[in-house]
Asker: 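Quick one: this structure, given as structure tokens, is what I'll be asking you about.
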Amino acid sequence: MLNLDPVKTQAVAAQTTQAFASYDSALGDAARLTTAFLTAAQDSGLTASESQRIIQRIHESAAKLIEGRSDMVRATALLTRCIEHSNIDVTAVGCPIGMTLKDEQDETPRHLTLVA
């Protein structure tokens, strides 16, 4: 069994949540950049070839953000696995509800949410 410090574990959970927010914000920024560029490129004199190269680079950048976000999903699963094998209750750090119910009689509706 892992002996994790609850305060440090909460800090990791909070930073993981913040990382997802940062990825999502960056993806939104990339989408807005694409729109802004397309608007700016109209009647600018850029050739189709020049604008295509720029759009392609913006798209590739966004794809890398999506790939990085996917890696964070896998990292979060590994972090959750560590908590499952520790002295800390999984639900104590914001992991998806419903993994283990303390009281099997509790029929409160549960909704899965992605948090660290």
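Keep in mind that this is a model prediction, so the values were computed, not measured.
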Asker: Could you please spell out the steps behind the side-chain contact (heavy atoms from CB on, under 4.5 Å) verdict for H59 and T34?
Answerer: CA-CA 8 Å; H59 171 76; T34 300; over 6 Å; no

Asker: Answer yes or no: is there a donor N or O on one side and an acceptor on the other, between the side chain of E50 and the main chain of T47, under 3.5 Å?
Answerer: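 It does hold such a pair.
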
Asker: Quick check against the 3.5 Å criterion: does S25 have a side-chain atom that pairs as donor or acceptor with the backbone of S22?
Answerer: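 Here the side-chain-to-backbone pair does not exist.
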
Asker: If you look at every heavy atom in L4 and C82, which pair is closest and at what distance?
Answerer: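 Between these two residues, the closest heavy atoms are CD1-O, 4.3 Å.
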
Asker: Please name the pair of heavy atoms, one in Y23 and one in M72, separated by the smallest distance, quoted to 0.1 Å.
Answerer: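 In this case the closest contact between Y23 and M72 is CE1-CG, 3.3 Å.
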
Asker: Please report the C-alpha distance between R57 and E60 in whole Å, then the side-chain angles of each, then the deciding distance to 0.1 Å, and finally whether the salt bridge (Lys or Arg N to Asp or Glu O under 4.0 Å) criterion is met.
Answerer: CA-CA 5 Å; R57 295 301 170 254; E60 288 170 1; 3.2 Å; yes

Asker: Does I58 belong to the same Ile/Leu/Val/Met/Phe/Trp/Tyr cluster as L27, with side-chain heavy atoms less than 4.5 Å apart forming each link?
Answerer: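 Hydrophobic grouping puts I58 apart from L27.
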
Asker: Begin from the C-alpha positions of I55 and L38 and carry the test side-chain contact (heavy atoms from CB on, under 4.5 Å) through to its verdict.
Answerer: CA-CA 8 Å; I55 292 168; L38 291 172; 3.4 Å; yes

Asker: For the residue pair A41 and S44, what are the closest heavy atoms and their distance?
Answerer: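 In terms of heavy atoms, the two residues are closest at O-OG, 2.7 Å.
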
Asker: In Å, rounded to the nearest 0.5 Å, how long is the span from CG of L78 to CD1 of I83?
Answerer: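 Result: 11.5 Å between the selected atoms.
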
Asker: When rounded to the nearest 0.5 angstrom, what is the spacing between CD in Q15 and OG1 in T17?
Answerer: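 So the gap between those two atoms works out to 9.0 Å.
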
Asker: Hey, are the side chains of I88 and D5 touching, using non-hydrogen atoms and a 4.5 Å cut-off?
Answerer: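 No - every pair of side-chain heavy atoms lies 4.5 Å or more apart.
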
Asker: Would you say L33 and I66 are hydrophobically clustered, going by side-chain heavy atoms of ILVMFWY under 4.5 Å?
Answerer: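 Looking at the clustering, I66 is in a separate group from L33.
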
